[in-house]
Structures are given as C-alpha cells and as structure tokens.
> 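Here it is, the structure in full.
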There are 2 protein chains.
Amino acid sequence: MKLSSLADYAVVLMGAAARHCGGVRVSAAMLAAETGVPVPTAQKIVSLLTRAGLLRSSRGTGGGIQLARPAAAISLADIVEAIEGPIAMAACVDAGRHDCALEGSCKVQPHWGAVNGAIKSALGQVSLASLSHDHITTGAPA
Amino acid sequence: MKLSSLADYAVVLMGAAARHCGGVRVSAAMLAAETGVPVPTAQKIVSLLTRAGLLRSSRGTGGGIQLARPAAAISLADIVEAIEGPIAMAACVDAGRHDCALEGSCKVQPHWGAVNGAIKSALGQVSLASLSHDHITTGAPA
DNA sequence: GGGCAATCAGACCGATCTGGTCTGATTGGA
DNA sequence: TCCAATCAGACCAGATCGGTCTGATTGCCC
C-alpha cells in the first residue's frame, strides 16, 4: 500500500518537466538537478516514462526529453502505471489472472474491483497541470 | 501500488473469520483450510492481526481466535494497516517524516495528502460485513 | 496433581524485487 | 571525420517480502 520510490520520483520528475512547458527540451540531468533525484536513477525513470509513451526523447548533442502530451492530459495514474505496471490491488482484479485458489468461492474479489476503481479514479483525477496550482483539486470524496 | 500477499490473505482470512460470527472460536488452521492459505502463513497473519487488536486469541487446547469487534466495525483499511503499517503513498504524507529533500519547494506533497485520503476513504468504507453481501456497497466515487 | 495435546507467538532463512550504478550505443554539432 | 552529449540497456548490492520452523503457553484428560 506504499508507492515505490521510483514512482514517487517519477511524479516529481514529470512535475519538473511540466514546469518547462511542452516545447522546450530538457535533459534528464537537468531534471535530476532540479529535483534532487540521483542522476542515474533519473535517467532510468526517464527511460521507463519514454517507453510508456509519456515522454518523447531525442538522443545526441542538444537532445533531451519533453512531454509527449499536454500536462493536463497526463494523470498520476498514467505515471504510476508507467513505472509500476497496471494498478491492481489484488492479483484477481485484472481479468485473465487466475492465481487465486479460491476463484469463485471468494466473496472478496468483486469488492476489490470496486476499491481498485476508486483508487484509479483518485489517481486519474490529478493531472500534471494541477500539480502546479496551489489549491487542491482532486475531486476526492474525503 | 500493489497490495502485498500477506495483506490480501489477511482480508480473506478475516472474511472467513467473520463468516463464523463473533462468539464462535475458530483456529488459525481451520481458517487456513477454508481459504487455502498455507497454515504457517495463516498463523503469522493471525498473530499480526491479533497484535493490531483486530482479533482476540486464546491459547491452549480448544483455543482459537475470534473477531475483537463486530464485522461491521472492521474495514479493509484496518486490515491493510494492521499488516502493512500506516497507509501512506509517499513518505511525506504522514507528518513527522522528512526524508524528502525537496520539502517545501515540492508542489506534489499537498496533492499526495488528498490522494492518500481518497484511498483511505475507499478502503475505509468497505466493512467486513459488506464482504458477505453480493451487491457492491463501497460508496466509491467511480 | 501430572502429563499430554493443541494452539498461538516469535525467530530464522531463502527468494524476489527494488534501487542504484555502471558501461555501451546513438546522434548531432564542430 | 572526430568529439561531446545524451539516452538506453545490462549488471550488482541491498532491502523487503514470503514462507518455514521451532519454542512457549494453556486448557483438557487421566
């Protein structure tokens, strides 16, 4: 129930990248310097985010990275899923996985789906753009 | 963003215990047999739940465990926190922890608090009693 | 009253995964 | 053509998780 450090760093790095607004290219080292994340770790995270389609990278001198989409179109859920894979609290949440021996007699499974949806919704309603605002606009029920 | 197996098992075990309704004492081995969880692992989970105050245990012959509270008063959040510790997505969520080097310049922190609250709310609104019903009653915003 | 059986409780160990570092491949500019 | 800067992938140490085992405690039976 705890986010991995990589995912946490990824959110911070994406927030820093969003602050440089779309068109400008920044290097992973620059973002690392701004955020305090170790440079090699930042490079690794950038690679994962690029592979997931959230960032667009250019190699070579003067290269760098930029947001593949507007900041408003990237949510925390996107970032978390890019780093940690699909958001699935229990193994039985995503159809196709049948690792659970109970399968059918388990009364818990349908409820996990609802809880999982609530969590994904909570993460999906926070966009990168909103991270730059001072007021909280998550739409959280709490 | 994935629940540990221990916490998942704990929910299943608590659900099985709740099905035996309060007064009756059942052994950890019985719950393990009903749920398919390995016996030693079930014992370990029972110990954790007992230490957290969610179960009441009795040693000796004919001993066993029973819910320390009515099933309606135990939520998924209680179980998850008993196994995995406080629900805190990022390290900066709970006041007192200052592991983050950004601390103050980080625009992300206040948003994590809101997201964390939404998740805790989603887990807190599902009680053990509701796990026995067929219809979903999570109160999830999604 | 003593012994036994059943149970929970804690300590130990192996495996998996995460986090971090390093080296190599690619690309653009001088 | 060479060089510098950058991303991309492979490698390794560390920590955490999951599972198993043994021990301590307690109630029942003889």
Side-chain angles (χ1 to χ4, degrees), chain A residues 1-13 17 24-33 35-68 80 82-85 88-91 99-101, chain B residues 1-13 17 24-33 35-68 80 82-85 88-91 99-101:
Chain A
M1 206 51 228
K2 185 170 59 65
L3 214 57
S4 69
S5 297
L6 271 301
D8 196 354
Y9 289 164
V11 173
V12 176
L13 288 172
V24 182
R25 292 209 172 176
V26 295
S27 65
M30 280 179 58
L31 294 180
T35 58
V37 176
V39 176
T41 300
Q43 287 186 351
K44 184 175 192 175
I45 293 172
V46 165
S47 293
L48 290 172
L49 292 172
T50 301
R51 199 181 310 172
L54 268 59
L55 290 178
R56 192 175 304 263
S57 66
S58 301
R59 300 170 76 158
T61 308
I65 53 177
Q66 57 181 355
L67 296 183
V80 171
I83 303 295
E84 301 192 346
M89 299 287 289
D99 301 341
C100 185
Chain B
M1 208 49 228
K2 186 170 59 65
L3 213 57
S4 68
S5 298
L6 271 301
D8 195 353
Y9 289 166
V11 173
V12 176
L13 289 172
V24 182
R25 293 206 171 176
V26 294
S27 66
M30 279 178 60
L31 293 181
T35 58
V37 176
V39 176
T41 299
Q43 287 184 352
K44 185 175 191 173
I45 293 173
V46 165
S47 293
L48 289 172
L49 293 172
T50 301
R51 198 182 309 173
L54 268 57
L55 290 177
R56 192 174 303 263
S57 66
S58 300
R59 299 169 77 158
T61 308
I65 54 178
Q66 58 181 353
L67 296 183
V80 171
I83 302 296
E84 299 192 346
M89 299 287 290
D99 300 341
C100 186

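Proteins come first, then strands; the chains are lettered A, B, ... in the order of their sequence lines, and each starts at number 1.
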> Using whole Å, what does the distance between atom P of nucleotide D:dC7 and atom CG of A:Leu49 come to?
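Nearest whole value for this atom pair: 12 Å.
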> Does any pair with a residue in residues 49-59 of chain A pass side-chain hydrogen bond (donor to acceptor under 3.5 Å, both in side chains), and if so which ones, sequence neighbours excluded?
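Listed by first then second residue: A:Arg25-A:Ser58.
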> Quick one: side chain to side chain donor-acceptor pair (under 3.5 Å) partners of A:Thr61, sequence neighbours excluded?
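Side chain to side chain donor-acceptor pair (under 3.5 Å) check on A:Thr61 returns nothing, list empty.
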> Atom OH of B:Tyr9 to atom P of D:dG18: distance rounded to whole Å?
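About 9 Å, once rounded to whole Å.
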> Does a side-chain N or O of B:Thr61 approach OP1 or OP2 of C:dT7 to a distance below 4.0 Å, or not?
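The answer is no; no side-chain N or O of B:Thr61 sits under 4.0 Å from OP1 or OP2.
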> Report the distance from atom CE of B:Met30 to atom P of C:dA6, rounded to the nearest whole Å.
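Distance check: B:Met30 CE to C:dA6 P gives 15 Å.
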> OP1, OP2 of C:dG20 versus side-chain N and O of A:Thr41: anything below 4.0 Å?
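Yes.
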> Is there any protein nitrogen or oxygen under 3.5 Å from a nitrogen or oxygen in nucleotides 8-13 of chain D, and what are the pairs?
| residue | atom | partner | partner atom | Å |
| --- | --- | --- | --- | --- |
| D:dA8 | OP1 | A:Ser57 | OG | 2.8 |
| D:dG9 | OP2 | A:Arg51 | NH2 | 3.1 |

> Nearest-Å distance, CZ (A:Arg25) to C1' (C:dT27)?
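Checked: the CZ to C1' distance equals 12 Å.
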> Figure out the CG/P separation between B:Leu3 and D:dT16, and round it to whole Å.
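Checked: the CG to P distance equals 18 Å.
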> Would you please name every residue forming a side-chain contact (heavy atoms from CB on, under 4.5 Å) with A:Leu6, sequence neighbours left out?
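By the side-chain contact (heavy atoms from CB on, under 4.5 Å) rule, A:Leu6 matches A:Ser4, A:Thr41, A:Ile45, A:Ile83.
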> Apply side chain to side chain contact (heavy atoms under 4.5 Å, CB included) to the pair A:Met1 and B:Met1, showing each step before the final yes or no.
CA-CA 6 Å; A:Met1 206 51 228; B:Met1 208 49 228; 4.2 Å; yes
> Would you say B:Leu49 and B:Ile65 make side-chain contact, with heavy atoms under 4.5 Å?
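Heavy-atom side-chain distance check fails, nothing below 4.5 Å.
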> Over how many whole Å does the gap from A:Leu13 atom CG to C:dG20 atom C1' extend?
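Going from CG in A:Leu13 over to C1' in C:dG20 covers 14 Å.
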> Could you state the CG-P distance from B:Leu31 to C:dT7, rounded to the nearest angstrom?
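About 12 Å, once rounded to whole Å.
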> Distance check needed: C:dC17 C1' versus A:Glu84 CD, whole Å only.
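The distance from CD of A:Glu84 to C1' of C:dC17 comes to 12 Å, rounded to the nearest Å.
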> For the pair A:Leu67 and A:Leu55, evaluate side chain to side chain contact (heavy atoms under 4.5 Å, CB included) and give the outcome as yes or no after the intermediate values.
CA-CA 5 Å; A:Leu67 296 183; A:Leu55 290 178; 3.6 Å; yes
> Compute the bend angle of the helix from C:dG1-D:dC30 to C:dA30-D:dT1 from the end axes (five pairs per end), rounded to 10°.
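The angle, to the nearest 10 degrees, is 0°.
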> Looking at B:Lys2 and A:Ala88, what are the two nearest heavy atoms and their distance?
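That closest heavy-atom pairing would be CG-O, 3.6 Å.
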> Roughly how far, to the nearest 0.5 Å, is OG1 of A:Thr35 from CG of A:Leu13?
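The distance works out to 4.5 Å.
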> Taking side-chain contact (heavy atoms from CB on, under 4.5 Å) as the test, write out the residues that go with A:Ala33, two or more places apart.
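Not a single residue meets the side-chain contact (heavy atoms from CB on, under 4.5 Å) criterion with A:Ala33.
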> Once you apply a heavy-atom cut-off of 4.0 Å, does A:Ala28 come out as touching a base, just sugar-phosphate, or nothing?
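Counting heavy atoms under 4.0 Å across all strands, the contact made by A:Ala28 is with sugar-phosphate only.
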